[in-house]
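Worksheet: one structure, shown below.
Whatever order the structure lists them in is the order used to number ligands and atoms, beginning at 1. These figures come from a predicted structure and were not determined experimentally.
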Amino acid sequence: MRFGWHSTVVRKAVVAVSGLALWTWIVLHVAGNLTLFSGSAVADGYAAALRRSPGWLWAARAGLATALVLHVAGVVSLARTARAARPRHASHRPADTSAVASRGMRIGGALLLTFVVYHVLHLTVGVLHPHFEPGHVYANVVVGLHSAPIAAIYVAVAMLLGLHLLHGLWAAARTLGVRPETAARRRRPAAAVLSAVIALGFASIPLAVLAGWLR
Ligand code: HEM
(Lines give C-alpha, C1' and ligand atoms only; values in the text may rest on other atoms or scores of the structure.)
Protein backbone atom coordinates (compact mmCIF):
# COMPACT_ATOMS: atom_id res chain seq x y z
CA MET A 1 0.00 0.00 0.00
CA ARG A 2 1.31 3.48 -0.92
CA PHE A 3 0.85 6.61 1.17
CA GLY A 4 1.42 10.31 0.70
CA TRP A 5 1.60 11.90 -2.76
CA HIS A 6 2.25 8.46 -4.36
CA SER A 7 -1.23 7.32 -3.40
CA THR A 8 -3.95 8.19 -5.94
CA VAL A 9 -6.45 8.28 -3.04
CA VAL A 10 -4.42 11.02 -1.33
CA ARG A 11 -4.02 12.99 -4.58
CA LYS A 12 -7.77 12.75 -5.28
CA ALA A 13 -8.48 14.00 -1.74
CA VAL A 14 -6.03 16.90 -2.25
CA VAL A 15 -7.80 17.85 -5.52
CA ALA A 16 -11.22 17.62 -3.79
CA VAL A 17 -10.28 19.63 -0.67
CA SER A 18 -8.38 22.32 -2.60
CA GLY A 19 -11.33 22.49 -5.03
CA LEU A 20 -13.72 23.10 -2.13
CA ALA A 21 -11.40 25.85 -0.82
CA LEU A 22 -11.48 27.46 -4.29
CA TRP A 23 -15.28 27.13 -4.23
CA THR A 24 -15.43 29.11 -0.97
CA TRP A 25 -13.29 31.85 -2.49
CA ILE A 26 -15.46 31.94 -5.66
CA VAL A 27 -18.62 32.39 -3.52
CA LEU A 28 -16.96 35.32 -1.68
CA HIS A 29 -15.81 36.83 -4.99
CA VAL A 30 -19.24 36.65 -6.63
CA ALA A 31 -20.82 38.18 -3.48
CA GLY A 32 -18.21 40.97 -3.58
CA ASN A 33 -18.93 41.57 -7.28
CA LEU A 34 -22.64 42.00 -6.59
CA THR A 35 -21.82 45.11 -4.49
CA LEU A 36 -21.26 46.76 -7.90
CA PHE A 37 -25.05 46.90 -8.26
CA SER A 38 -25.15 49.17 -5.20
CA GLY A 39 -23.03 51.79 -6.94
CA SER A 40 -19.45 53.01 -6.89
CA ALA A 41 -19.44 54.20 -3.25
CA VAL A 42 -20.37 50.75 -1.91
CA ALA A 43 -18.20 48.73 -4.35
CA ASP A 44 -15.12 50.95 -3.96
CA GLY A 45 -15.70 51.08 -0.19
CA TYR A 46 -15.77 47.28 -0.02
CA ALA A 47 -12.50 47.03 -2.01
CA ALA A 48 -10.94 49.73 0.22
CA ALA A 49 -12.06 47.85 3.35
CA LEU A 50 -10.28 44.71 2.11
CA ARG A 51 -7.09 46.74 1.62
CA ARG A 52 -7.26 48.22 5.12
CA SER A 53 -6.33 44.78 6.50
CA PRO A 54 -3.34 43.91 4.29
CA GLY A 55 -2.38 41.00 6.58
CA TRP A 56 -5.72 39.27 6.04
CA LEU A 57 -5.77 40.17 2.34
CA TRP A 58 -2.34 38.63 1.74
CA ALA A 59 -3.19 35.59 3.90
CA ALA A 60 -6.31 35.03 1.76
CA ARG A 61 -4.26 35.49 -1.44
CA ALA A 62 -1.63 33.03 -0.17
CA GLY A 63 -4.37 30.51 0.72
CA LEU A 64 -5.94 30.96 -2.71
CA ALA A 65 -2.61 30.53 -4.51
CA THR A 66 -1.75 27.43 -2.44
CA ALA A 67 -5.16 25.84 -3.14
CA LEU A 68 -4.76 26.60 -6.86
CA VAL A 69 -1.25 25.08 -7.04
CA LEU A 70 -2.33 21.94 -5.13
CA HIS A 71 -5.45 21.59 -7.30
CA VAL A 72 -3.53 21.84 -10.59
CA ALA A 73 -0.59 19.69 -9.38
CA GLY A 74 -3.00 16.96 -8.21
CA VAL A 75 -4.95 16.95 -11.49
CA VAL A 76 -1.79 16.89 -13.64
CA SER A 77 -0.25 14.12 -11.58
CA LEU A 78 -3.43 11.98 -11.59
CA ALA A 79 -3.72 12.40 -15.37
CA ARG A 80 -0.10 11.21 -15.79
CA THR A 81 -0.74 8.16 -13.59
CA ALA A 82 -3.91 7.30 -15.55
CA ARG A 83 -2.03 7.63 -18.86
CA ALA A 84 0.80 5.40 -17.64
CA ALA A 85 -1.68 2.76 -16.44
CA ARG A 86 -3.62 2.66 -19.73
CA PRO A 87 -2.88 -0.44 -21.82
CA ARG A 88 -0.99 0.18 -25.07
CA HIS A 89 -3.19 0.96 -28.10
CA ALA A 90 -6.02 1.83 -25.69
CA SER A 91 -6.49 5.11 -27.56
CA HIS A 92 -8.12 3.14 -30.39
CA ARG A 93 -10.96 2.15 -28.11
CA PRO A 94 -13.89 4.51 -27.53
CA ALA A 95 -13.38 6.44 -24.27
CA ASP A 96 -15.94 5.91 -21.48
CA THR A 97 -18.06 8.83 -20.26
CA SER A 98 -16.04 9.46 -17.11
CA ALA A 99 -12.81 9.68 -19.17
CA VAL A 100 -14.51 12.18 -21.49
CA ALA A 101 -15.78 14.16 -18.47
CA SER A 102 -12.38 14.32 -16.83
CA ARG A 103 -10.76 15.40 -20.12
CA GLY A 104 -13.42 18.14 -20.32
CA MET A 105 -12.59 19.19 -16.75
CA ARG A 106 -8.87 19.41 -17.58
CA ILE A 107 -9.43 21.46 -20.75
CA GLY A 108 -12.00 23.69 -18.99
CA GLY A 109 -9.66 24.09 -16.00
CA ALA A 110 -6.77 25.13 -18.28
CA LEU A 111 -9.02 27.73 -19.96
CA LEU A 112 -10.11 29.05 -16.54
CA LEU A 113 -6.49 29.29 -15.43
CA THR A 114 -5.60 31.24 -18.59
CA PHE A 115 -8.54 33.56 -17.91
CA VAL A 116 -7.44 34.14 -14.29
CA VAL A 117 -3.98 35.28 -15.47
CA TYR A 118 -5.59 37.67 -17.99
CA HIS A 119 -8.21 38.82 -15.44
CA VAL A 120 -5.70 39.69 -12.70
CA LEU A 121 -3.64 41.70 -15.24
CA HIS A 122 -6.89 43.34 -16.43
CA LEU A 123 -8.72 44.27 -13.20
CA THR A 124 -6.25 43.86 -10.29
CA VAL A 125 -2.88 44.96 -11.71
CA GLY A 126 -4.43 46.97 -14.54
CA VAL A 127 -1.67 46.57 -17.16
CA LEU A 128 -4.17 45.14 -19.69
CA HIS A 129 -6.78 47.80 -18.92
CA PRO A 130 -7.19 50.89 -21.15
CA HIS A 131 -7.79 53.38 -18.26
CA PHE A 132 -6.93 51.64 -14.98
CA GLU A 133 -7.21 53.75 -11.81
CA PRO A 134 -5.99 52.02 -8.62
CA GLY A 135 -8.75 51.85 -5.99
CA HIS A 136 -11.53 52.79 -8.44
CA VAL A 137 -12.91 49.27 -8.77
CA TYR A 138 -16.35 50.31 -10.02
CA ALA A 139 -14.98 52.52 -12.81
CA ASN A 140 -12.35 49.92 -13.71
CA VAL A 141 -15.03 47.22 -14.14
CA VAL A 142 -17.42 49.42 -16.12
CA VAL A 143 -14.71 50.76 -18.46
CA GLY A 144 -12.94 47.37 -18.66
CA LEU A 145 -16.09 45.46 -19.65
CA HIS A 146 -17.46 48.11 -21.98
CA SER A 147 -16.03 46.40 -25.06
CA ALA A 148 -18.43 43.70 -26.35
CA PRO A 149 -15.71 41.09 -27.14
CA ILE A 150 -14.23 41.43 -23.64
CA ALA A 151 -17.67 41.29 -22.01
CA ALA A 152 -18.40 38.17 -24.12
CA ILE A 153 -15.23 36.51 -22.81
CA TYR A 154 -16.32 37.23 -19.22
CA VAL A 155 -19.82 35.81 -19.87
CA ALA A 156 -18.38 32.69 -21.55
CA VAL A 157 -15.97 32.17 -18.63
CA ALA A 158 -18.85 32.52 -16.15
CA MET A 159 -20.71 29.69 -17.96
CA LEU A 160 -17.58 27.53 -18.17
CA LEU A 161 -16.95 28.11 -14.47
CA GLY A 162 -20.53 27.04 -13.67
CA LEU A 163 -20.03 23.72 -15.49
CA HIS A 164 -16.60 23.20 -13.89
CA LEU A 165 -18.03 23.85 -10.41
CA LEU A 166 -21.02 21.57 -10.99
CA HIS A 167 -18.94 18.61 -12.10
CA GLY A 168 -16.21 19.42 -9.56
CA LEU A 169 -18.64 19.49 -6.66
CA TRP A 170 -19.91 16.12 -7.72
CA ALA A 171 -16.49 14.60 -8.11
CA ALA A 172 -15.40 16.04 -4.73
CA ALA A 173 -18.49 14.60 -3.01
CA ARG A 174 -17.72 11.16 -4.45
CA THR A 175 -14.01 11.35 -3.56
CA LEU A 176 -14.75 12.48 -0.01
CA GLY A 177 -17.21 9.62 0.35
CA VAL A 178 -20.72 11.10 0.29
CA ARG A 179 -22.69 7.88 0.60
CA PRO A 180 -24.98 6.23 -0.19
CA GLU A 181 -25.09 7.04 -3.90
CA THR A 182 -28.87 7.55 -3.85
CA ALA A 183 -28.62 10.24 -1.15
CA ALA A 184 -25.87 11.94 -3.17
CA ARG A 185 -28.04 11.79 -6.30
CA ARG A 186 -30.87 13.51 -4.46
CA ARG A 187 -28.55 16.46 -3.78
CA ARG A 188 -27.81 16.85 -7.49
CA PRO A 189 -30.43 19.62 -8.04
CA ALA A 190 -28.97 21.58 -5.10
CA ALA A 191 -25.48 21.39 -6.65
CA ALA A 192 -26.91 22.47 -10.03
CA VAL A 193 -28.76 25.45 -8.53
CA LEU A 194 -25.67 26.54 -6.55
CA SER A 195 -23.43 26.38 -9.64
CA ALA A 196 -26.02 28.15 -11.81
CA VAL A 197 -26.41 30.97 -9.26
CA ILE A 198 -22.63 31.52 -9.25
CA ALA A 199 -22.42 31.44 -13.08
CA LEU A 200 -25.32 33.91 -13.40
CA GLY A 201 -23.88 36.10 -10.62
CA PHE A 202 -20.58 36.46 -12.51
CA ALA A 203 -22.28 36.82 -15.92
CA SER A 204 -24.66 39.51 -14.60
CA ILE A 205 -21.82 42.08 -14.33
CA PRO A 206 -20.62 42.13 -17.97
CA LEU A 207 -24.25 41.81 -19.15
CA ALA A 208 -25.31 44.78 -16.97
CA VAL A 209 -22.40 46.85 -18.32
CA LEU A 210 -23.37 46.01 -21.92
CA ALA A 211 -27.03 46.83 -21.18
CA GLY A 212 -26.00 50.19 -19.71
CA TRP A 213 -27.35 49.41 -16.20
CA LEU A 214 -23.88 49.75 -14.74
CA ARG A 215 -22.20 52.87 -16.05
C1 HEM B 1 -17.26 37.76 -14.59
C2 HEM B 1 -17.23 38.70 -13.71
C3 HEM B 1 -16.06 39.08 -12.82
C4 HEM B 1 -15.84 40.35 -12.41
C5 HEM B 1 -16.68 41.58 -12.72
C6 HEM B 1 -14.65 40.32 -11.59
C7 HEM B 1 -14.11 41.42 -10.97
C8 HEM B 1 -12.91 41.48 -10.31
C9 HEM B 1 -12.28 42.67 -9.81
C10 HEM B 1 -12.87 44.08 -9.92
C11 HEM B 1 -11.12 42.32 -9.22
C12 HEM B 1 -10.11 43.25 -8.53
C13 HEM B 1 -10.55 43.46 -7.12
C14 HEM B 1 -9.71 44.47 -6.40
O15 HEM B 1 -8.70 44.92 -6.93
O16 HEM B 1 -10.10 44.81 -5.27
C17 HEM B 1 -11.00 40.88 -9.36
C18 HEM B 1 -9.96 40.12 -8.87
C19 HEM B 1 -9.82 38.76 -9.04
N20 HEM B 1 -10.73 37.91 -9.66
FE21 HEM B 1 -12.45 38.47 -10.56
N22 HEM B 1 -14.18 39.04 -11.51
C23 HEM B 1 -14.99 38.24 -12.27
C24 HEM B 1 -14.86 36.87 -12.46
C25 HEM B 1 -13.84 36.11 -11.94
C26 HEM B 1 -13.73 34.67 -12.11
C27 HEM B 1 -14.72 33.83 -12.90
C28 HEM B 1 -12.59 34.30 -11.45
C29 HEM B 1 -11.99 32.92 -11.27
C30 HEM B 1 -12.26 31.87 -12.00
C31 HEM B 1 -11.99 35.47 -10.87
C32 HEM B 1 -10.82 35.50 -10.16
C33 HEM B 1 -10.22 36.64 -9.64
C34 HEM B 1 -8.93 36.67 -8.96
C35 HEM B 1 -8.03 35.46 -8.69
C36 HEM B 1 -8.68 38.00 -8.57
C37 HEM B 1 -7.47 38.55 -7.81
C38 HEM B 1 -7.84 38.68 -6.37
C39 HEM B 1 -6.82 39.51 -5.61
O40 HEM B 1 -6.65 40.69 -5.89
O41 HEM B 1 -6.20 38.95 -4.71
N42 HEM B 1 -12.78 36.55 -11.17
N43 HEM B 1 -12.10 40.39 -10.02
Quick one: does any side-chain atom of [X] pair with a main-chain N or O of [Y] as donor and acceptor, under 3.5 Å?
| X | Y | value |
| --- | --- | --- |
| Thr35 | Ala31 | no |
| His129 | Asn140 | yes |
| Ser53 | Leu50 | no |
| Arg11 | Gly74 | no |

Check your understanding: Any idea which part of Tyr46 is under 4.0 Å from ligand 1, heavy-atom wise: side chain, backbone, both or neither?
Key -> neither
Review point. What part of Val141, side chain, backbone, both or neither, has a heavy atom within less than 4.0 angstrom of ligand 1?
Key: side chain
Just to be sure I'm reading this right: ignoring hydrogens, which of [options] gets closest to [atom]? Compare them by their nearest heavy atoms.
| atom | options | answer |
| --- | --- | --- |
| atom 40 (O) of ligand 1 | His164, Arg61, His136 | Arg61 |
| atom 27 (C) of ligand 1 | Leu161, Leu34, Leu50 | Leu161 |
| atom 24 (C) of ligand 1 | Tyr154, Tyr138, Phe202, Trp58 | Phe202 |

pair [X]-[Y]: side-chain heavy atoms closer than 4.5 Å:
| X | Y | answer |
| --- | --- | --- |
| Phe37 | Ile205 | yes |
| Leu20 | Leu176 | yes |
| Tyr138 | Ser38 | no |
| Leu68 | Leu113 | yes |

Check your understanding: Are more than 12 heavy atoms from other residues, nucleotides or ligands located less than 6.0 Å from atom NE2 of His119?
Key -> yes
Practice item. Count the heavy atoms of every other residue, nucleotide or ligand shown that sit under 6.0 Å from CZ of Arg215, and state whether that count exceeds 12. Key: no
Practice item. Considering the heavy atoms of Ile205, write down every atom of ligand 1 situated less than 4.0 Å from one of them. Key: 5 (C)
Check your understanding: Which residue supplies the protein heavy atom nearest to atom 38 (C) of ligand 1, what is that atom called, and how far is it?
Key -> Trp25 CZ2, 4.0 Å
Study note, to complete from the structure: among protein heavy atoms, the one nearest atom 26 (C) of ligand 1 is Phe115 CE2, 3.7 Å
**Study point:** Proximal protein heteroatoms (N, O or S) of atom 21 (Fe) of ligand 1, under 2.8 Å
**Key:** His29 NE2, His119 NE2
**Study point:** Arg51, any N or O under 3.5 Å of ligand 1 N or O
**Key:** yes
Study note, to complete from the structure: Residue set satisfying side-chain contact (heavy atoms from CB on, under 4.5 Å) with Val137, at least two apart, ordered chain then number -> Asp44, Ala47, Val141
Review point. What do you reckon, does Leu112 put a non-hydrogen atom under 4.0 Å from ligand 1?
Key: no
Review point. Does the protein place any heavy atom closer than 4.0 Å to atom 6 (C) of ligand 1?
Key: yes
